[in-house]
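In what follows, a structure is listed as structure tokens, so that the remarks can point back to it.
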Amino acid sequence: MNWYEENPAPINADLIQSQVQSFCSLHHQKRSIVLVTSGGTTIPFEKNTVRFIDNFSQGTRGSASTEYFLQDEDMAVIFLYRSTTLRPFVRHFAHTNFLEMLQRDPQDLSQLQVKSEHVSKVMTTWQDYQKVKMNNRLLEVGFTTLTDYLWYLKIVCQTLKPLGARALLYLAAAVSDFYIPRQDMAEHKLQSSEGAPTVQLKMVPKMLAPLVMDWVPQAFVVSFKLETDESILLSKARKALQTYKHSLVVANLLESRKERVILVEASSEDLILMSVEELSKGHEIEEKIVQNLLTKFKKKLES
Ligand code: 9Z3
């Protein structure tokens, strides 16, 4: 039995499918579509979930990259993200208490206005967001569990298939390698009175294999390789490329992921670095990653 037969689709799978389908139909003729995955997946312990295994990912990479893809008006983005992590545009205010950004309008006390010190940032972000919304170029799909993520990934990919080489996949989500099969999950909250549970995790099948071979065989597929030990990073990235034969692997270390990444292709490597000055001015490495990828993607599309 394959993983999709063992793990039933989420109840809203049909709704997601129809949203993705309408989005793709809308852009099919005139744009390329990028699927950006972002944030981490949860592994629930119980069917009625109280506890779950999670990971560190905040969705910075995915949400920032989405904004840079959208700066190119030829691109539309399906943003498949972990529901509690950062989203494009609103991420700029994620660490601000929005109630502290507002004040009464002195001319009309029944109205609220943005405090002057926040106006410029709110205005530019709002304008960027409106530009994207006007052409309906962003579809956001939230997930929580590994099961949601893997189902939505397949649904989106199969809907993107007719776009051929005009589909770009940017798989930045931190997807769990291990899970608890549904038949092994407790129905209700695990009881401490029954002692510490022994939990047997199983390997999650590598979905990059069917994705590259069957789901979107003509797409430009970018996967990410995350390590904490520098000495194995490049060899693991190269191995992934040889195994799945997709377009490119972005190799990064947990510690330095905002300052340094390597774009690994079959016969070349591009090192992308951020200087201290660039970082202090608020520039983000995702801008350079996305520019580099878009150049490669468009070159391939034209060839
Ligand atoms: C990444 O490597 C992303 O760059 C990060 C971004 C998750 C590090 P943040 O969300 O972090 O900005 O906080 N994503 C892929 C991570 C991953 O789990 N890769 C697996 C692997 O390396 C499967 S492809 O084996």
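For ligands, and for the atoms within them, numbers begin at 1 and follow the listed sequence.
In terms of polar-atom proximity, defined here as any N/O pair under 3.5 Å, Leu226 does make such a contact with ligand 1. Between Arg257 and ligand 1, a contact under 3.5 Å exists for at least one N or O pair. Remark: ligand 1 and Ala174 share no N or O pair separated by less than 3.5 Å (distance only, no angle test).
Between the side chains of Thr125 and Asp128, not a single donor N or O lies within less than 3.5 Å of an accepting N or O. Side-chain contact of Ser65 with Tyr170: a donor-acceptor pair under 3.5 Å is present, judged by distance alone. Between the side chains of Asn12 and Tyr152, at least one donor-acceptor pair of N or O atoms lies under 3.5 Å.
Nearest protein heavy-atom contact of atom 20 (C) of ligand 1 is Phe224 O, 4.0 Å. Scanning the protein for heavy atoms near atom 4 (O) of ligand 1, the closest one is Asn252 OD1, 2.6 Å. Among protein heavy atoms, the minimum distance from atom 21 (C) of ligand 1 is reached at Lys225 NZ, 3.4 Å. Closest to atom 12 (O) of ligand 1 among all protein heavy atoms lies Arg61 N, 2.8 Å.
A side chain to side chain donor-acceptor pair (under 3.5 Å) with Gln103 is found for one member of Gln113, Lys115, His118 and no other, namely Gln113.
Counting atoms of ligand 1 from 1 in the listed order, those under 4.0 Å from a heavy atom of Phe56 are 7 (C), 8 (C), 11 (O). Within ligand 1, counting atoms from 1 as listed, the ones closer than 4.0 Å to a heavy atom of Ala172 are 1 (C), 3 (C), 7 (C), 14 (N), 15 (C). Short contacts between ligand 1 and Thr60, defined as distances under 4.0 Å to a heavy atom of the residue, involve ligand atoms 9 (P), 10 (O), 12 (O).
Aromatic ring centroids of Tyr149 and Phe143 lie under 6.0 Å apart.
A heavy-atom separation below 4.0 Å is found between Gly59 and ligand 1.
Considering all non-hydrogen atoms of both residues, Phe224 and Leu171 come closest at CD1-O, 3.2 Å.
With a 6.0 Å cutoff to the six-membered ring centre and a 45° limit on the axis angle, Lys121 counts as a cation-pi contact of Phe93.
Other residues, nucleotides and ligands contribute only 12 or fewer heavy atoms inside 6.0 Å of the CD atom of Glu277. Around atom CZ of Phe98, no more than 12 heavy atoms belonging to other residues, nucleotides or ligands sit under 6.0 Å away.
Scanning Ser57, Gly40, Gly39 for the heavy atom closest to atom 10 (O) of ligand 1 points to Ser57.
If you look at Ala173 next to ligand 1, the close heavy atoms, those under 4.0 Å, all belong to the backbone. The backbone of Val175, and not its side chain, has at least one atom closer than 4.0 Å to an atom of ligand 1 (non-hydrogen atoms only; backbone = N, CA, C, O).
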